[in-house]
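Below, read A as the first sequence line, B as the second, and so on, with proteins coming before strands; counting in each chain starts at 1.
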Protein chains: 2
Amino acid sequence: MSGEPTMDEGLRTPRSLKPGDRVAVVAPSGPVEPDTLERGVAVLTGMGLEVSLGAHVMRREGYLAGFDAERAADLAGAWCDPSVAAVVCARGGYGASRLLGLLDWDAMAAAEPKILLGSSDITALHQAFALRLGVASCFGPMPGNDVLGGAGGPEPRSLASLRAALTAGPEPVTGDRVLVPGRARAPLTGGNLSLLAALCGTPYAPRFAGRIAFLEDVGEQPYRIDRMLTQLLQAGAFDGVAGVALGSWVDCGDPMPVLADRLVPLGVPVLAGLPVGHGSPQQSVWLGGLGVIDTESCSLTGLLGDREKTM
Amino acid sequence: MSGEPTMDEGLRTPRSLKPGDRVAVVAPSGPVEPDTLERGVAVLTGMGLEVSLGAHVMRREGYLAGFDAERAADLAGAWCDPSVAAVVCARGGYGASRLLGLLDWDAMAAAEPKILLGSSDITALHQAFALRLGVASCFGPMPGNDVLGGAGGPEPRSLASLRAALTAGPEPVTGDRVLVPGRARAPLTGGNLSLLAALCGTPYAPRFAGRIAFLEDVGEQPYRIDRMLTQLLQAGAFDGVAGVALGSWVDCGDPMPVLADRLVPLGVPVLAGLPVGHGSPQQSVWLGGLGVIDTESCSLTGLLGDREKTM
């Protein structure tokens, strides 16, 4: 691997978590269900982490977890706090993209890089943090959702995958379908398709050139998936893409025909069925970290530098 | 009004329809229900028009009215046929945006400007036709939908409004709510919010500068309306907007809080409740034609040059 990059160009890797590290839970998107979050926080505590909650994490303003200024203050405050080793988003929903114009990116860029953990609506933050802060970030389950905070306890595979991603490097993830065979080795980017499409035309627009595009979604009918992929295609987001890794498509009907219709013509390896995104289990990947998709083993292997196992 | 423009800068007005004119019905988007279309075509015939159907108008490929090449061929063929005075879209659904990269814009720009009629998903065509062909176009009901093609006959107000728009000039449309008072006089643009958001970042991206933005939608929850407006705002589409005219929001819950939250800060007149878009009645407006929103009379008045009443 000598000479090959192990990170997205220019992106910084935050340090791994170790026992005793402090993590801050914030709610940049939708309102949080208290019991679920309490159980999810207990899971983080059980990993040996010290957990602090953002001042407004239990706020609720309609479909938002409080006013924009409150959510932005919690997020920026946690990021800029040198005692915090990871910013953990409580859940998705909607609302992170509303914050992008309200964050003091210069102040946040001056802070030491740290882990951002979240998925779904948090895609907007992953995308903006990569562009504005130059940091790789972890796309994985959140404590305010059932996968970690469910009444029956955390889903074991999801928890093991998250622990690995936060403390050493991501475990390989296995898919179940090959749309275009081949092998691609490039930094991983992307996230929730709806959010990526909703960033087109904005200063945070996705560009997959030289990267593996990871895509997943929930609750979107095939014609909507078509519209979103068509937008990304027409916006040039896929120009120069190295490969495509498809995660879960929960409550999306049968998305495979439209995914094949829009993505196979790209002529790059396309691997589907990765248990990443929504649903259970929900494994973790690093956006901005090097990924290898290999359709022979039907796997996505993520690398994130050479890290010592810390937990 | 001397010296004031009556049209969007550079846009050409197609000539009005008169009895005996030939109109071509095409299906650029979703598949058509035959009985509805038959009744809708009879309504057009009853207006004294000669109606021809695109070769593939009854095709069905999943959620599309045939393959892209078929839908594009019908649309471009009708537009370039000098014997056709208006291209009437059968219905919306989804699929028009897939055609934007497949149309021979140079050949279509060489054709005499004519009327394009449609709404909902046809917003993608209105937007692209204005940008690539420089023509104003009519946002109104379609023969493959119930408003014109319902079993109980066409909805009378919608039909009268459509007839006026196609033969003389659009009738004034009255709203029922003022979000920001004032008066704005500028060319009208816009259409279905989902489609406008889905064009962000593409070569057909909306720009509302110096124009009144007309917006409507169907079946979108408030958080989705928020996401789409936030995208358009972050993409700069609203920069320099002269006013906002809001149409119908069918099956969108209560969209007024989010519409106010995102649009009132623009500081331009915002008029809501116009019966344009989805639902019934469904009145017609000209995109690219001059519009006047006046919150004292709660009306949108459209002008389209000085036209003789032809039917």
At a heavy-atom separation under 4.5 Å, does B:Y63 approach chain A through its side chain, its backbone, both, or neither?
side chain
Residues B:D74, B:R59: salt bridge by 4.0 Å N-O rule
no
Are side-chain N/O atoms of B:R262 and B:T230 paired as donor and acceptor at under 3.5 Å?
yes
Heavy-atom pair of closest approach, residues A:C200 and A:Q231:
CB-NE2, 3.6 Å
Using non-hydrogen atoms and a 4.5 Å limit, figure out which bit of B:S97 sits close to chain A: side chain, backbone, both or neither.
both
Between B:D121 and chain A, which part of the residue has a heavy atom less than 4.5 Å away: side chain, backbone, both or neither?
neither
Where do B:A260 and B:P265 come nearest, in terms of heavy atoms and distance?
O-CD, 3.6 Å
Taking the six-membered ring for Trp, are A:F214 and A:F139 parallel (under 30°), tilted (30 to 60°) or perpendicular (over 60°)?
perpendicular
Can you tell which part of B:P222 gets under 4.5 Å to a heavy atom of chain A, answering side chain, backbone, both or neither?
both
Taking every heavy-atom pair that is under 4.5 Å apart, which of B:V258, B:T202, B:L232 has the most such pairs with chain A?
B:T202
Is B:A198 in contact with chain A via its backbone, its side chain, both, or neither, using a 4.5 Å heavy-atom distance?
both
Applying a strict 4.5 Å limit to non-hydrogen atoms, the region of B:L195 in contact with chain A is side chain
Specify the closest pair of heavy atoms between A:Q127 and A:T189, including all atoms of both residues, with the distance to one decimal.
OE1-OG1, 4.2 Å
